[in-house]
Amino acid sequence: MTIRQVHQHFVGEVSGIDISQPLNSEQVAAIEAGMDRHAVLVFHDQALTDDQQLAFSRNFGELEVTLAGQMAKPEERRLGDRLELGDISNLTAQNRIRARDDRSRMYALANRLWHSDASFRAIGAGYTLLHARVVPSKGADTEFADMRAAYDALDDATKAEVDGLVTEHSIVFSREQIGFSDYREGNEDRLKPVRHRLVITHPVTGRKSLYLSSHIGGIVGWPVPEARAFIRDLMEHATQPQFVYAHKWRVGDLVMWDNRTVMHRARRFDDLREVRDLRRTSIKGTGLEVAQAA
Ligand SMILES: [Fe+2]
């Protein structure tokens with residue numbers, strides 16, 4: 001197995017490994033080391049079943065149950081009862097393209113905002129693994145922004161200011177930016193804000209990064225408008241072209257990234273005419289623990 005740096009210093013392309021097969025501990029350690037060095041790893045030409053993707057993902061820790069899956073009714077879940085498998089597609093449970101005013105489509109449109117997966121949970125995601133089954137003819141890139149480089153590029157006064165700040169995250173804050181508020185009753189607990197440090201230190205490398213996400217709606221101790229204006233400034237800083245890699249999907253790509261060191265966003269495509277079908281697994285992050293509001 002070899003890892004070659006591509007495009008940007010934080011992206012590695014992995015070759016010489018078939019991830020549909022069980023891995024040995026050396027292979028797992030080599031992938032983890034590659035993740036620590038690069039933050040995004042790309043594996044091309046991997047034909048994976050759902051179960052093979054789940055098995056590969058479990059090498060790296062405990063899998064998360066997806067929020068969209070939890071909030072969907074069983075008959076709405078296209079991928080059945082595998083709640084650790086996120087359905088990143090524009091298809092209904094009957095495998096038809098979602099209508100323009102489909103509620104799940106509108107909810108998922110917030111993935112076009114820069115975010116860190118599951119930062120609306122007290123323990124956000126560490127690694128996310130996304131596997132491409134069907135890709136549209138154009139568009140639909142996933143973009144990644146390196147939050148270590150973004151932190152390093154702050155001036156010293158801003159570094160001093162952000163160190164120690166605690167932010168509040170909720171799925172509500174990202175959805176309200178696109179005007180979505182159609183939550184079903186019974187999900188109130190899942191919408192409550194959680195707290196995270198704005199600057200986090202990677203548990204293995206010790207490098208600092210900005211833990212930013214469109215799920216942020218406040219900074220503890222700050223007036224809301226001031227907090228949101230400042231977070232917006234930091235988001236603009238952190239997503240300048242020199243920090244960003246755009247992944248153009250091919251069928252069979254598996255891309256894994258570390259949500260503690262990169263943000264990401266989906267880009268637009270003709271989702272009312274073309275099909276996109278990706279499957280997502282996420283690992284619970286370590287090193288993200290912070291005291292929550294009482
Ligand atoms: Fe995401």
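Just the heavy atoms: all of them, side chains too, but no hydrogens, waters or symmetry mates, feed the values below. The model shown is predicted, which means the values in this text are computed figures rather than measured ones. Counting starts at 1 for both ligands and their atoms, following the listed order.
Only protein N, O or S atoms were considered, and those under 2.8 Å from the Fe ion (ligand 1) are His115 NE2, Asp117 OD1, His264 NE2.
Ring pair His196/Tyr211: centre-to-centre distance below 6.0 Å.
For Phe43, the ring pair (Phe, Tyr, Trp, His ring centres under 6.0 Å) partners at least two apart in sequence or on another chain are Phe56.
No hydrogens or angles considered: a donor-acceptor pair under 3.5 Å links the side chains of His115 and His264. For the residue pair Ser20 and Gln46, no side-chain donor N or O sits within less than 3.5 Å of a side-chain acceptor on the partner.
Cation-pi check for Arg175 over Tyr107 is met; the charged atom lies under 6.0 angstrom from the ring centroid and within 45 degrees of its normal. Because its NZ or CZ atom is not both nearer than 6.0 Å to the ring centre of Phe269 and within 45° of the ring axis, Lys138 does not count as a cation-pi partner of that residue.
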